[in-house]
Amino acid sequence: MLNINILRENPDLVKEGGRKKHIPCDEAVDCILDLDEKRKKLLFESEELRAAQKKVGKEIATLEGDEKQAMIAEMGEIAGRIKAYEKELGPLEEELESQMLLVPNIPAPEVPDGKTDEDNVLVREWGEVPQFDFPIKDHLEIGEELDLIDMKGAAKLAGSRTYILKNEGALLELAVLQFTLNHLVEKGFSPMLVPTLVRREPMVGTAYFPGGEEQAYACERDRKYLIGTSEVPVTAYHSGEILAEADLPRLYAGYSTCYRREAGAAGRDTRGLYRIHQFNKVEQVVVCRNDDEESLRFHEFILANAEEVVQALELPYRVVNVCGGDLGQPQIQKFDIETWMPSRDSYGETHSASRFHDFQSRRLDLRYRDEAGKVHFCHTLNNTAIASPRILISILEINQEADGRVRIPDVLQSYMGGREYIGPK
RNA sequence: GGAGAGGUGGCUGAGUGGUCGAAAGCGGCGGAUUGCUAAUCCGUUGUACGGAAAAUUAUCUGUACCCGGGGUUCAAAUCCCCGCCUCUCCGCCA
């Protein structure tokens, strides 16, 4: 949520930001400014009435008998007027709030113009795209041959876009996750295993709702939602709190299973482990001071951490600066890491590093007190550290050998009992 | 799932209809004292939104907030209803 002062002082900046993101918000902004004016006026008038009511109320407390009864009768009228104001103000503030939740964050100037992911701008590439001198298999063929992946078995149990990891496939996933978590712990992150089924508030606070309801599994009976990322519970962890500046930054490595309905993606990426309803992810979450430069530094930091992980796994990747149209509502800027996937003959998105300024903090009421005693909204950021099994696509395909075996990346071998290869049984 | 107790400021905890933004203690901050530290004493100590004054660290003032949402009343932390959460006992259970 934006500071409403930005809308008051510079509505065109907000509208322009919406256009860059291809999330038009002209109407919402105008509507908010209109509601805001009305609200101010009503609030001022009703507060004056309340002041009078409180003052007289104190007098009534000291009176007795007829005098008291007369006063009470007189105040009945004021009480009625106050009620009338409340009746008008209530729905107005609700509408104002819900409109504010729809206004997108303003993208940074460094965000390139563009409409879709095709307009994202290449920042850098790392690693050599592998050349094979034998006909390659995709991860699913490899997985089925080596008895690592079972899609049909999963479909029987759970329907489309599900999977079963077996044997070394299961071990490989755990290895990747644990290696990554350890890497982040070494970097100073606190590992966090968090609830995956949460209330509405964290979903709204992190800006997945309203708007993203279609993408989330809802447990309606209990009015709870399955998270699509541990960003949700981890970022919301300190909601409603005022942290001490000395306790910032907070670096968290959230680990959780993630659930996504993939609504609107019917028919897309239907083969294999690329687009599935459930996966596991280690996520970096940063809560820091309200400072553009600091935010920017942490953005680079979490991006670098993720790159280190991919590099350690020996996977070629590229970093792209995500264009306006491919940016979500809450982000200021986003960098994606796309990792090479031979079967796609291209890079596939595996990581996404976002910075939000205080957009999420305002919704979450996540603040800190500075040395001088002043209270500010924090800045928040997050980035994937690793998401599996999607990353297994690259690992299995890139490390396949002519004889059908798959080489296990060096850094994972110790997590898999020291083995170097996954081979046929 | 059944029965009971409870949710008050950073923390502990008082407050059962009016002068309560809320006692007291702890903690924090400022000051005094002090070779240093500790102890002691004095003062101060929430957030949001608005107004006035001053203008770029201050001040005065109004309103709201005592888990959340409704209600009763001239007046609600205090009474009533709904929800959420915590604790205890019983049952069930990975």
Side-chain angles (χ1 to χ4, degrees), chain A residues 1-9 32-101 193-205 209 218-225 233 236-248 250 257 287 289-291 358 361-378:
Chain A
M1 189 158 58
L2 287 172
N3 185 342
I4 194 165
N5 285 327
I6 296 174
L7 277 78
R8 287 179 185 141
E9 287 158 21
I32 286 164
L33 293 176
D34 181 49
L35 289 171
D36 183 46
E37 280 301 314
K38 287 182 182 150
R39 177 179 159 277
K40 261 186 168 168
K41 186 165 169 285
L42 289 174
L43 210 55
F44 185 80
E45 290 167 6
S46 72
E47 281 186 357
E48 286 195 322
L49 279 179
R50 272 178 194 281
Q53 186 184 48
K54 272 180 83 164
K55 205 170 147 219
V56 176
K58 284 177 186 172
E59 285 171 34
I60 288 176
T62 65
L63 297 176
E64 294 287 344
D66 287 350
E67 229 182 327
K68 185 168 192 166
Q69 290 313 312
M71 277 286 222
I72 287 173
E74 205 177 301
M75 289 312 288
E77 192 256 338
I78 291 199
R81 284 172 64 193
I82 290 174
K83 277 234 164 75
Y85 271 109
E86 279 174 356
K87 234 183 183 152
E88 209 175 335
L89 217 47
L92 197 148
E93 289 189 319
E94 244 173 68
E95 177 66 12
L96 186 64
E97 167 84 8
S98 64
Q99 289 290 328
M100 278 299 288
L101 288 177
L193 306 185
V194 289
T196 53
L197 190 58
V198 301
R199 297 178 194 274
R200 194 179 167 79
E201 286 79 1
M203 300 296 282
V204 174
F209 290 178
C219 299
E220 287 175 12
R221 271 204 310 190
D222 302 291
R223 280 182 295 165
K224 289 187 181 175
Y225 303 87
Y237 180 54
H238 293 295
S239 61
E241 296 180 20
I242 301 178
L243 303 167
E245 184 172 18
D247 292 335
L248 297 179
R250 300 293 258 244
T257 302
V287 177
R289 298 186 309 133
N290 192 313
D291 181 288
D358 57 11
S361 291
R362 285 180 181 276
R363 292 168 165 244
L364 290 166
D365 196 23
L366 168 51
R367 297 174 292 173
Y368 71 97
R369 197 186 307 276
D370 69 19
E371 306 294 346
K374 250 188 117 190
V375 174
H376 309 271
F377 285 101
C378 300

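Naming: A, B, ... by sequence-line order, numbering from 1 per chain.
Nucleotides B/rG91 and B/rG13 have their C1' atoms positioned 35 Å apart, rounded to a whole Å. A distance of about 29 Å separates the C1' atoms of B/rG6 and B/rA94, rounded to the whole Å. For the P atoms, the distance linking B/rA22 with B/rU61 amounts to 13 Å, nearest Å. Rounded to whole Å, the separation between the P atoms of B/rG25 and B/rU45 comes to 15 Å. Taking the C1' atom of each, B/rG9 and B/rA14 are spaced 13 Å apart, rounded to whole Å. With both ends at atom C1', the span from B/rG69 to B/rG10 equals 27 Å, rounded to whole Å. Separating the C1' atom of B/rU88 from that of B/rU72 is a span of 33 Å, rounded to the nearest Å. Rounded to a whole angstrom, the distance from the P atom of B/rC26 to that of B/rG35 is 26 Å.
Nucleotide B/rC20 forms a pair with no other nucleotide shown, judged by Watson-Crick or G-U wobble geometry with both contacts under 3.5 Å. Using N1 to N3 plus N6-O4 or O6-N4 for Watson-Crick, or N1-O2 and O6-N3 for G-U wobble, each under 3.5 Å, B/rC93 pairs with nothing. In this structure, B/rA32 and B/rU40 make a Watson-Crick or G-U wobble pair, each of the two defining distances being under 3.5 angstrom. Using the Watson-Crick or G-U wobble rule with both distances under 3.5 Å, B/rG4 pairs with B/rC87. Summarising the base pairing, B/rA64 is matched to B/rU47 through a Watson-Crick or G-U wobble pair whose two defining distances lie under 3.5 Å. When Watson-Crick and G-U wobble pairs are counted only if both distances are under 3.5 Å, B/rC26 pairs with B/rG10. For B/rU57, there is no paired base (Watson-Crick or G-U wobble, both distances below 3.5 Å). Pair check for B/rU73 finds none; no Watson-Crick or G-U wobble contact set falls under 3.5 Å.
Under the 6.0 Å cut-off for aromatic ring centres, A/F377 and A/Y368 do not qualify, their centroids lying 6.0 Å or more apart.
At a threshold of 4.0 angstrom between heavy atoms, the contacts of A/A79 are confined to the sugar-phosphate backbone, with no base atom among them. In this structure, A/R8 reaches the sugar-phosphate backbone alone: every heavy-atom distance under 4.0 Å involves primed, P, OP1 or OP2 atoms, never a base.
In this view, A/D370 and A/H376 satisfy the side chain to side chain donor-acceptor pair (under 3.5 Å) rule, not counting sequence neighbours.
Projected onto RNA chain B by closest heavy-atom contact, A/F44 and A/K224 fall at different nucleotides, the more 5' of which corresponds to A/F44. Sequence order on RNA chain B of the closest nucleotides to A/R39 and A/K83 puts A/R39 first from the 5' end.
A heavy-atom distance below 4.0 Å to RNA chain B is reached by these residues of residues 48-56 of chain A, ordered by number: A/R50, A/A51, A/Q53, A/K54.
If you take CG on A/L197 and NZ on A/K224, they are separated by 6.0 Å, rounding to the nearest 0.5 Å. A/E241 CD to A/C378 SG: the interatomic distance, rounded to the nearest 0.5 Å, is 9.5 Å.
Ion pairing of A/D365 with A/R367 is present here, as a side-chain N (NZ or NE/NH1/NH2) and a carboxylate O approach within less than 4.0 Å. Looking at A/R289 and A/E245, a side-chain N of the basic residue comes within less than 4.0 Å of a carboxylate O on the acidic one, giving a salt bridge.
Checked by atom type and distance alone, the side chain of A/S361 never pairs as donor or acceptor with a backbone atom of A/D358 at under 3.5 Å. Remark: the backbone N or O of A/L101 is paired with a side-chain donor or acceptor of A/R363 at under 3.5 angstrom.
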Intermediate values then yes/no, salt bridge (Lys or Arg N to Asp or Glu O under 4.0 Å), A/E37 and A/K41: CA-CA 6 Å; A/E37 280 301 314; A/K41 186 165 169 285; over 6 Å; no
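Around CD of A/E45, the count of heavy atoms belonging to other residues, nucleotides or ligands within 6.0 Å exceeds 12.
Taking every nucleotide of RNA chain B with any atom under 4.0 Å from a non-hydrogen atom of chain A, the first and last of them, 5' to 3', are B/rG18 to B/rC85.
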